[in-house]
Amino acid sequence: MIELQSTKNDSPKLSICIATYNRGKFIGETLDFILSQMEPGVDIVVVDGASPDNTSEVMAKYISRYPEIHYYREQENSGIDRDYDKAVEYADGQYCWLMTDDDLMKPGAVKRVLSAVSNHVDMVVVDVEIRNADMSVKLRESVLKLDADRVYAKGEHESFFVDVANHLSFIGCVIIRRDYWLSRDRSSYYGTAFIHVGVIFQHPPPEFIRVISESLVIIRYGNAMWTPRAFDIWMFRWPKLVWSFPDFSENAKRSVCPYEPWRKIKYVFYYRAKGAYSITEFKKYFSGKKNNITKFVLFAIAIFPATLANLLSVVYVMVVYTLKNKPGRLTIYDLSLCRNASWLCRFLIRRW
C-alpha cells in the first residue's frame, strides 16, 4: 500500500470512506459533490484497489489541492469487501460513511448526517434516489419511502432487518461507528460483495440505529462493477448471506429474500430476459443436480430465445404494473439496458 496523502485532521467526526477500482471516469465527479459540502471535522479516505485505468492520475490532482483527502493506492486488488475494510482501518473518523465511487451526494447530505450521528448511534442509514447511468433520468425518488426519520432501539433488530435489509444491499447508504465496525468479524465476509451487511447483522445485532428519511445519495443505476455477475450475486450470494444470520426468524429472512430464489421460475426468466442467465450459468449451477422437473425448466429457460424473453418481460411489466398502479420505471430501465433488448422493446418503452 502506498499512501499518497498523509496530513490528517485531528480526530474527525466523520470519515467518508471510498473503495474504488477502475473509476477514473466517475470518481472526480463523486469527489466534487462531496467537497462542495465539506464541514469541519470531516475528511475523505480513498482506497484504490490497484486500478489499471487513470484513477491514480485523477486522484493526484485532488490530493494536491485538498488536504482533507487521504488516498491509498494498493499494490494489488484484494476485492471490494477487503478494500472497504481497509478504508475504515485507515480512517480516523468516529463514524465512517461507506460511500461508493460513482454515485453522488445530494447537497446538504454531509451536514444532515453529522447532525444524525451526534447521539452516539451505532449506525445511520440514509435513503437514496435512483437515476440512470448518465444521471439524466430519475427512476425512483426514494427507496425506503418513509414519512419521517425512524429510530430502532435495543430489541428492535428484527424490525430493522425486515424494513431495511434489502436497502442495505447498496453500501453507500451506510454510516457506521468506526470502533463498532472494527470490533466485528469482517474477514468472514470477504468475497460476499456485501461486507457491510455481514458486519451489521452478525451476532449480536446493533442496538441503536437511526434511519434518515431523506434521499441523500443519488445512485448511478446500471453502472455496478458486479453487473455481469448478477445471477450469481442475487440467486446465491445474497440469499446465502441473508439466511446465515442467527438472530432473525425464518419469516424475517423470507421477507428479505427466498432461501433459494432460483427455484422461483419467474426470477430465473427475468435474468434470462436481462441476459444474465444462459446455458453457461445452467451448466455452472444446475447441471450437477438430479434430473427432475425443476432442472428441466431451468434448462428450458437457459435456451429460450433471449430477445423474446426480454420482450415478453417488458410487456408483462407494463401490463401488470399499470393494472396495479405500481411504479415500474426502474424494472423497465433494467430490461432496456441489456443487449437482448430489441428495437420493438425499446419502442414500447419509449411509448409507455
Side-chain angles (χ1 to χ4, degrees), residues 5 7-20 30-31 33-47 66-72 80-101 103-128 144 149-154 157 160 164 167-168 170-186 189 194-202 204-217:
Q5 169 57 266
T7 304
K8 292 190 175 184
N9 297 330
D10 294 329
S11 302
K13 182 75 171 179
L14 177 68
S15 290
I16 299 170
C17 298
I18 301 173
T20 189
T30 296
L31 290 172
F33 270 69
I34 299 171
L35 290 165
S36 68
Q37 52 181 297
M38 289 291 281
E39 299 278 337
V42 178
D43 65 1
I44 302 170
V45 175
V46 180
V47 173
Y66 300 101
E68 58 266 56
I69 298 178
H70 315 292
Y71 175 56
Y72 301 84
I80 188 70
D81 299 307
R82 182 67 182 104
D83 284 350
Y84 269 111
D85 193 24
K86 289 177 183 177
V88 177
E89 290 174 347
Y90 296 151
D92 286 333
Q94 182 182 352
Y95 287 87
C96 293
W97 190 337
L98 308 178
M99 184 59 188
T100 41
D101 58 0
D103 301 315
L104 308 177
M105 283 187 187
K106 285 191 170 183
V110 172
K111 182 177 290 187
R112 183 72 172 87
V113 165
L114 283 172
S115 67
V117 299
S118 60
N119 294 324
H120 305 290
V121 297
D122 292 327
M123 59 179 292
V124 173
V125 176
V126 304
D127 202 352
V128 299
L144 293 175
D149 291 1
R150 192 171 293 177
V151 173
Y152 297 85
K154 186 175 182 179
H157 57 273
F160 173 68
V164 185
H167 178 60
L168 290 176
F170 170 62
I171 194 170
C173 71
V174 175
I175 301 94
I176 193 163
R177 210 175 70 234
R178 180 174 179 270
D179 62 352
Y180 181 82
W181 176 280
L182 295 177
S183 71
R184 311 282 273 179
D185 173 24
R186 289 108 62 204
Y189 301 99
F194 303 104
I195 184 175
H196 59 297
V197 176
V199 167
I200 292 166
F201 291 124
Q202 66 183 255
E207 294 186 355
F208 194 81
I209 307 152
R210 186 182 301 277
V211 178
I212 296 178
S213 59
E214 298 170 53
S215 297
L216 299 184
V217 177

For the side chain of [X] and the backbone of [Y], is there at least one donor-acceptor N/O pair under 3.5 Å apart?
| X | Y | answer |
| --- | --- | --- |
| Asp83 | Val47 | no |
| Asp43 | Glu68 | no |
| Gln202 | Arg186 | no |
| Arg184 | Ile200 | yes |
| Arg178 | Leu14 | no |
| Tyr95 | Val121 | yes |
| His167 | Val126 | yes |

* Can you check side chain to side chain contact (heavy atoms under 4.5 Å, CB included) on Leu31 and Tyr66, steps first, answer last? -> CA-CA 10 Å; Leu31 290 172; Tyr66 300 101; over 6 Å; no
Nearest 0.5 angstrom please: [X] [atom1] to [Y] [atom2], how far?
| X | Y | atom1 | atom2 | value |
| --- | --- | --- | --- | --- |
| Met123 | Cys173 | CE | SG | 7.0 Å |
| Asp85 | Cys17 | CG | SG | 10.5 Å |
| Ile212 | Ile175 | CD1 | CD1 | 6.0 Å |
| Tyr72 | Glu89 | OH | CD | 11.0 Å |
| Glu39 | Ser115 | CD | OG | 10.0 Å |
| Arg177 | Leu182 | CZ | CG | 10.5 Å |

What heavy-atom pair brings [X] and [Y] nearest, and what distance separates the two atoms?
| X | Y | value |
| --- | --- | --- |
| Thr20 | Val46 | CG2-CG1, 3.9 Å |
| Thr100 | Tyr84 | CA-OH, 3.5 Å |
| Thr30 | Asp103 | OG1-O, 2.9 Å |

Going by heavy atoms in the side chains, are [X] and [Y] under 4.5 Å from each other?
| X | Y | result |
| --- | --- | --- |
| Ile44 | Met38 | yes |
| Ile16 | Met105 | yes |
| Trp97 | Ile34 | no |
| Asp92 | Val45 | no |
| Ile69 | Leu35 | yes |
| Tyr180 | Pro206 | yes |
| Val128 | Ser215 | no |

In chain order, what residues pass the side-chain hydrogen bond (donor to acceptor under 3.5 Å, both in side chains) check against [X], with sequence neighbours excluded?
| X | result |
| --- | --- |
| Tyr189 | none |
| Lys86 | Glu74, Ser78 |
| Asp127 | Ser142 |
| Arg210 | none |

* Asked: Who passes ring pair (Phe, Tyr, Trp, His ring centres under 6.0 Å) against Phe201, sequence neighbours left out?
  ->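 If we apply the ring pair (Phe, Tyr, Trp, His ring centres under 6.0 Å) test to Phe201, skipping adjacent residues, the hits are Phe160, Phe161, Phe245, Phe248.
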* Show your reasoning for whether side chain to side chain contact (heavy atoms under 4.5 Å, CB included) applies to His196 and Ile176. => CA-CA 9 Å; His196 59 297; Ile176 193 163; over 6 Å; no
Ignoring hydrogens and angles, write down the donor-acceptor pairs under 3.5 Å from the side chains of residues 107-114, residues two or more places apart or on other chains.
unit_1 : atom_1 : unit_2 : atom_2 : d
Arg112 : NE     : Glu214 : OE2    : 2.5
Arg112 : NH2    : Asp149 : OD1    : 3.2
Arg112 : NH2    : Asp149 : OD2    : 2.5
Arg112 : NH2    : Glu214 : OE2    : 3.4

